[in-house]
Peer 1: 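Before I ask anything, let me first share the structure, which is written out below as C-alpha cells.
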Amino acid sequence: MMPCIFAICNAFATGAWFEVAGLVLNHGQMPPDNMAPNPTDEILRCQRYYYKFAGGAGLPSFANSTTALLTYVQLPVPMRVANPALEFTPLQWSARGNGTNIALTAAPAIDAGATRAAPNMIRLTTALTGLVSNQTYMLYCPNNVAHAAFDAEI
C-alpha cells in the first residue's frame with residue numbers, strides 16, 4: 001500500500017519548510033479505518049449473538065431412552081453466553097429413524113447441565129414418546145419456513 005499525502009506546502013525555497021498532514025502508514029494486521037471489514041469475520045461476530053440453523057435440513061440425534069432424544073448442534077463460533085435462548089417451531093419438525101416418523105409437539109430444551117464436548121457445541125434434549133432406546137434418529141424439518149435458532153442477544 002502506498003502512503004498518501006493529502007496536503008503539502010509547495011514552498012521549496014532554501015530555508016523554507018513544508019508540512020505533511022494525513023499520512024497513513026500501516027504495519028501488521030491492523031487495517032486502516034477506511035477499509036471495509038472482512039464479511040466472514042463480521043458474520044462470525046454476529047453469530048456469537050444469533051445463530052439460525054436447520055431449516056430444510058436434519059440434525060443427527062440419538063435416543064438415550066424411549067422418551068429422550070439427544071441432539072448436538074455444532075456452532076460456527078462459541079455463543080456469547082453458555083445457555084442462549086432457543087427459538088423453535090416444533091409443529092414443523094419430526095424425529096425420523098428406525099422406520100418411524102414421530103412428530104414433535106414441543107420444542108427441545110437446551111441441556112444446560114450437559115458437559116460440552118467443545119465450547120461451540122450445544123446439546124438439545126427433546127422429550128418424545130415412541131423412541132427406540134440406543135437408536136439414531138434425524139431431527140428433521142421438511143421445509144425452509146420452519147427454523148431453529150439460538151439467541152444470545154443482550
Side-chain angles (χ1 to χ4, degrees), residues 1-6 21-154:
M1 173 184 265
M2 300 268 312
C4 299
I5 299 175
F6 296 108
L23 180 65
V24 178
L25 296 173
N26 292 311
H27 179 70
Q29 299 295 322
M30 185 75 168
D33 294 335
N34 60 348
M35 285 185 67
N38 182 334
T40 303
D41 293 341
E42 289 299 304
I43 194 70
L44 290 175
R45 285 187 189 103
C46 291
Q47 288 173 337
R48 291 187 65 236
Y49 295 89
Y50 189 83
Y51 178 63
K52 182 177 176 179
F53 64 97
L59 299 169
S61 304
F62 178 76
N64 70 337
S65 71
T66 58
T67 58
L69 188 67
L70 303 179
T71 306
Y72 287 87
V73 180
Q74 184 169 357
L75 306 170
V77 292
M79 297 294 289
R80 183 184 68 83
V81 295
N83 296 306
L86 175 65
E87 296 176 5
F88 197 83
T89 50
L91 300 179
Q92 304 273 340
W93 290 74
S94 63
R96 292 183 176 181
N98 202 39
T100 61
N101 188 24
I102 305 168
L104 270 65
T105 56
I110 293 176
D111 195 343
T115 302
R116 292 191 179 184
N120 60 333
M121 291 190 87
I122 292 179
R123 185 171 85 180
L124 301 176
T125 302
T126 307
L128 291 171
T129 57
L131 297 170
V132 176
S133 185
N134 298 319
Q135 293 293 317
T136 58
Y137 286 82
M138 185 68 69
L139 192 58
Y140 180 75
C141 177
N143 60 49
N144 287 322
V145 176
H147 76 279
F150 294 117
D151 189 346
E153 295 180 78
I154 297 172

Peer 1: List the atom of Ala95, the atom of Leu128, and the distance in Å for their closest heavy-atom pair.
Peer 2: CB-CD1, 3.7 Å
Peer 1: What distance separates Arg48 CZ from Met79 CE, expressed to the nearest 0.5 Å?
Peer 2: 9.0 Å
Peer 1: Knowing that exactly one of Ser61, Ser94, Pro60 qualifies, which makes a side-chain contact (heavy atoms from CB on, under 4.5 Å) with Leu139?
Peer 2: Ser61
Peer 1: Could you tell me which non-hydrogen atom of Ser65 sits nearest to which non-hydrogen atom of Ala68, and how far apart they are?
Peer 2: OG-N, 3.1 Å
Peer 1: Give a yes or no answer on whether the side chain of Asp151 reaches the backbone of Ala85 with a donor-acceptor pair at less than 3.5 Å.
Peer 2: no
Peer 1: Would you please name every residue forming a salt bridge (charged side-chain N to carboxylate O under 4.0 Å, His left out) with Glu87, sequence neighbours left out?
Peer 2: none
Peer 1: Taking Thr125 as the fixed residue, which of Leu70, Thr71, Asn64 is the one that meets the side-chain contact (heavy atoms from CB on, under 4.5 Å) rule?
Peer 2: Leu70
Peer 1: Which atom names give the shortest non-hydrogen contact between Ala63 and Leu69, and what distance separates them?
Peer 2: N-CD1, 3.8 Å
Peer 1: Under the side-chain contact (heavy atoms from CB on, under 4.5 Å) rule, collect the residues that match up with Leu86, sequence neighbours excluded.
Peer 2: Phe88, Pro108, Ile110, Leu124, Phe150
Peer 1: Residues in salt bridge (charged side-chain N to carboxylate O under 4.0 Å, His left out) with Arg45, at least two apart?
Peer 2: Glu42
Peer 1: What's the shortest heavy-atom distance between Arg80 and Tyr49, and which atoms?
Peer 2: CD-CE2, 2.8 Å
Peer 1: Would you please test Asn134 and Phe62 for side-chain contact (heavy atoms from CB on, under 4.5 Å) and show each step?
Peer 2: CA-CA 7 Å; Asn134 298 319; Phe62 178 76; 3.6 Å; yes
Peer 1: Do Thr100 and Tyr137 have side chains that approach each other closer than 4.5 Å (heavy atoms only, starting at C-beta)?
Peer 2: yes
